[in-house]
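Single-structure report; data block below.
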Amino acid sequence: MRVLDAWCVMPLNSPVAYPQYNGAVEHAQDELQSLLAQAAIPSPCPPEHAAAHIGRAAHEINHNRRASLKGKCSQGRRI
């Protein structure tokens with residue numbers, strides 16, 4: 001637990017008998033990995049640059065409109 005605290009990681013335990021949760025988490029990972037694969041990231045990439053690329057991808061994902069949010073993005077706005 002100390003390692004998680006040191007890296008500010010919040011463990012998210014899967015709810016019992018609710019496979020939709022795992023599917024949603026896997027979908028989010030796929031979405032992030034897809035955006036990172038499309039980015040022109042040089043190799044090797046220093047860790048501080050990798051963090052910036054990941055942050056940019058997460059920012060882009062958070063600003064996509066979602067049907068599940070009635071056309072809004074996760075920021076609560078229509079884009």
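In this text the structure is predicted, and so the values were computed from the model without any measurement. Both backbone and side-chain heavy atoms feed into the values below; hydrogens, waters and symmetry mates do not.
Listed by first and then second residue, the salt bridge (charged side-chain N to carboxylate O under 4.0 Å, His left out) pairs involving residues 6-17 amount to none (not counting sequence neighbours). The list of side chain to side chain donor-acceptor pair (under 3.5 Å) pairs with a residue in residues 32-47, not counting sequence neighbours, reads Ser34-Gln38. Sorted by first and then second residue, the salt bridge (charged side-chain N to carboxylate O under 4.0 Å, His left out) pairs involving residues 33-43 (not counting sequence neighbours) form an empty list.
Summarising the geometry, atom SG belonging to Cys73 is positioned 8.5 Å from atom CG belonging to Asn64; distances are rounded to the nearest 0.5 Å.
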Anything under 3.5 Å between a donor and an acceptor, one on a side chain of residues 8-26, the other on a protein residue two or more places apart or in another chain? List them.
{"residue": "Ser14", "atom": "OG", "partner": "Asn22", "partner atom": "OD1", "Å": "3.0"}

Could you tabulate the donor-acceptor pairs under 3.5 Å formed by side-chain atoms of residues 44-61, not counting sequence neighbours?
{"residue": "Arg56", "atom": "NH1", "partner": "Glu60", "partner atom": "OE1", "Å": "3.1"}

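Under the rule for a side-chain contact (heavy atoms from CB on, under 4.5 Å), the partners of Ser68 that lie at least two apart in sequence or sit in another chain are Arg66.
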